[in-house]
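Heads up: the structure comes next, in structure tokens.
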Amino acid sequence: MKRLLVLVLLVSSYFVNAQNKSELVKHYEAYYKQMKVQGDAQGVINALTHLNILTPSEARKDTLAYIYLNEGKHLQALNTVGIEVSATDSNLAKEVKAVSLKSLGQAKLALPHFEALFNANPSPNVAYELAELSLQLGNLVDARKHSAYGVNNSKDDMKMAFYETQQPYQVPLKAAFTYLRALIKFNEDKKANLDTAVLMLDEALKLAPNFNLAQVSKKAILSLKAQPEAGTTPKN
């Protein structure tokens, strides 16, 4: 009789807990929807975090990480999805890992995630990221390869955003690739290719007169040209 009573209590407890959990899930699902309506990013994050604890879901976890990414919380995004390269990652998870690692200055770790993104869905915009990271890492062969793909597949309506100024701006993707190819050319031989790089930057500026980064790079390269070579004496 005592055993039967214990069993009944355990079963009753299970159903009470299940009912409570079901009610909590319904509550946070409703809360999530309302936070989306109100445009409350932190509220959405809170709702998804609770839902992931109550009913774990890879898709929901990826969504949570993506919201962190959009809020500029790159460490939180990576803590949510990790930094490892995984064949089972969704495209959303790949993007979160790639962009967050790049934003944190981890070019070497970001590169394989951009490669995974590109392999899943080749695009000129991802090719730009690959070319830029390859250039940062000193891999000019891959930088040229990815920039060539980008130039050949960019369309006139495609844009690239830049954020180095207080006010972010966009330029045609073709202008962005022209700028990047100028830097690649310059890094191939900083002395012999200096003038060619400047001409390429001028071409980028013709396509996008508002291209601040191209203008800054041009000035920096020209300042090198103005410097006297080692061992020479400037003329008065």
Side-chain angles (χ1 to χ4, degrees), residues 62-63 65-66 69-70 72 74 77-78 81 83 85-87 89-165 167-188 193 196-218 220-221:
D62 292 348
T63 301
Y66 190 74
L69 172 65
N70 284 339
H74 303 295
L78 292 173
V81 293
I83 64 171
V85 177
S86 173
D89 276 345
S90 67
N91 285 342
L92 197 60
K94 292 170 188 171
E95 182 178 351
V96 168
K97 292 177 181 182
V99 176
S100 292
L101 286 166
K102 181 188 175 187
S103 298
L104 292 171
Q106 299 296 322
K108 191 172 182 178
L109 293 175
L111 186 64
H113 295 294
F114 277 113
E115 288 173 342
L117 265 179
F118 186 82
N119 291 335
N121 185 25
S123 75
N125 289 83
V126 178
Y128 183 91
E129 302 289 354
L130 287 168
E132 185 180 47
L133 289 172
S134 296
L135 176 59
Q136 287 181 28
L137 295 169
N139 186 345
L140 298 183
V141 173
D142 280 355
R144 284 193 296 269
K145 178 183 73 176
H146 294 305
S147 63
Y149 173 91
V151 168
N152 292 332
N153 291 276
S154 293
K155 296 180 180 178
D156 292 339
D157 60 343
M158 291 181 174
K159 304 287 185 180
M160 174 64 66
F162 290 87
Y163 302 93
E164 82 282 359
T165 60
Q167 184 67 41
Y169 62 95
Q170 287 187 326
V171 302
L173 191 52
K174 288 183 178 179
F177 273 112
T178 303
Y179 153 78
L180 199 56
R181 295 182 87 181
L183 297 189
I184 294 168
K185 191 71 175 176
F186 177 68
N187 278 275
E188 288 172 355
N193 294 343
T196 303
V198 169
L199 289 173
M200 294 174 76
L201 289 170
D202 282 337
E203 185 180 343
L205 288 165
K206 285 180 182 177
L207 294 170
N210 67 320
F211 200 166
N212 177 73
L213 199 55
Q215 189 64 57
V216 170
S217 298
K218 178 183 173 181
I221 292 175

Completion exercise
Interatomic distance, NZ@K206 vs CG@D202, rounded to 0.5 Å, equals 7.0 Å
Completion exercise
Tightest non-hydrogen contact, residues A131 and S147, listed as CB-N, 3.8 Å
Practice task
Answer yes or no: is there a side-chain heavy-atom contact under 4.5 Å between P172 and M158?
Solution key: no
Exercise for the section: Could you check whether the rings of F162 and Y128 sit parallel, tilted or perpendicular, using 30° and 60° as the cut-offs? Expected result: perpendicular
Completion exercise
Contacts of S90 meeting side chain to side chain donor-acceptor pair (under 3.5 Å) (sequence neighbours excluded), chain-then-number -> D62
Completion exercise
Rounding to 0.5 Å, atoms CD (Q215) and CG (L201) come to a distance of 9.0 Å
Practice task
Check whether any side-chain heavy atom of K97 sits under 4.5 Å from a side-chain heavy atom of I83, and report yes or no.
Solution key: no
Problem - Side chain proximity check, N91 to K94, heavy atoms < 4.5 angstrom - result: yes
Practice task
Go through the steps for L69 and Y66 under the test side-chain contact (heavy atoms from CB on, under 4.5 Å), then give the verdict.
Solution key: CA-CA 5 Å; L69 172 65; Y66 190 74; 4.0 Å; yes
Exercise for the section: Decide yes or no for Y149 and P122: does some side-chain heavy atom of the first lie under 4.5 Å from some side-chain heavy atom of the second? Expected result: yes
Problem - side-chain contact (heavy atoms from CB on, under 4.5 Å) between F114 and V99, intermediate numbers included - result: CA-CA 8 Å; F114 277 113; V99 176; 4.3 Å; yes
Practice task
Could you tell me whether the side chain of S134 reaches within less than 4.5 Å of the side chain of L111, counting heavy atoms only?
Solution key: yes
Practice task
Check salt bridge (charged side-chain N to carboxylate O under 4.0 Å, His left out) between K102 and all other residues, then give those that pass, not counting sequence neighbours.
Solution key: E129, E132
Exercise for the section: Look at the side chain of N193 and the backbone N and O of K185, then say whether any donor-acceptor pair between them is shorter than 3.5 Å. Expected result: yes
Exercise for the section: Determine which pairs satisfy side chain to side chain donor-acceptor pair (under 3.5 Å) with at least one residue from residues 103-114, sequence neighbours left out, and list them in order. Expected result: none
Fill in the blank from the handout: So OH of Y179 and CD1 of I184: to nearest 0.5 Å the spacing works out to 10.5 Å
Handout entry: Point-to-point distance, once rounded to the nearest 0.5 Å, from NE2 of H146 to CG of L135
Key = 12.0 Å
Handout entry: Side chains of L137 and D142 in contact at under 4.5 Å (non-hydrogen atoms)
Key = no
Exercise for the section: Determine yes or no for a side-chain-to-main-chain donor-acceptor pair under 3.5 angstrom, with N212 supplying the side chain and Y163 the backbone. Expected result: no
Practice task
Count the heavy atoms of every other residue, nucleotide or ligand shown that sit under 6.0 Å from CG of D157, and state whether that count exceeds 12.
Solution key: yes
Problem - Which atom of F177 lies closest to which atom of G150, heavy atoms considered - result: CZ-CA, 3.3 Å
Problem - From CG (N125) to CG (L130), nearest 0.5 Å - result: 11.5 Å
Exercise for the section: Please name the pair of heavy atoms, one in T178 and one in A204, separated by the smallest distance, quoted to 0.1 Å. Expected result: CG2-N, 3.8 Å
Practice task
Can you measure from OG (S154) to NZ (K174) and round to the nearest 0.5 angstrom?
Solution key: 7.0 Å
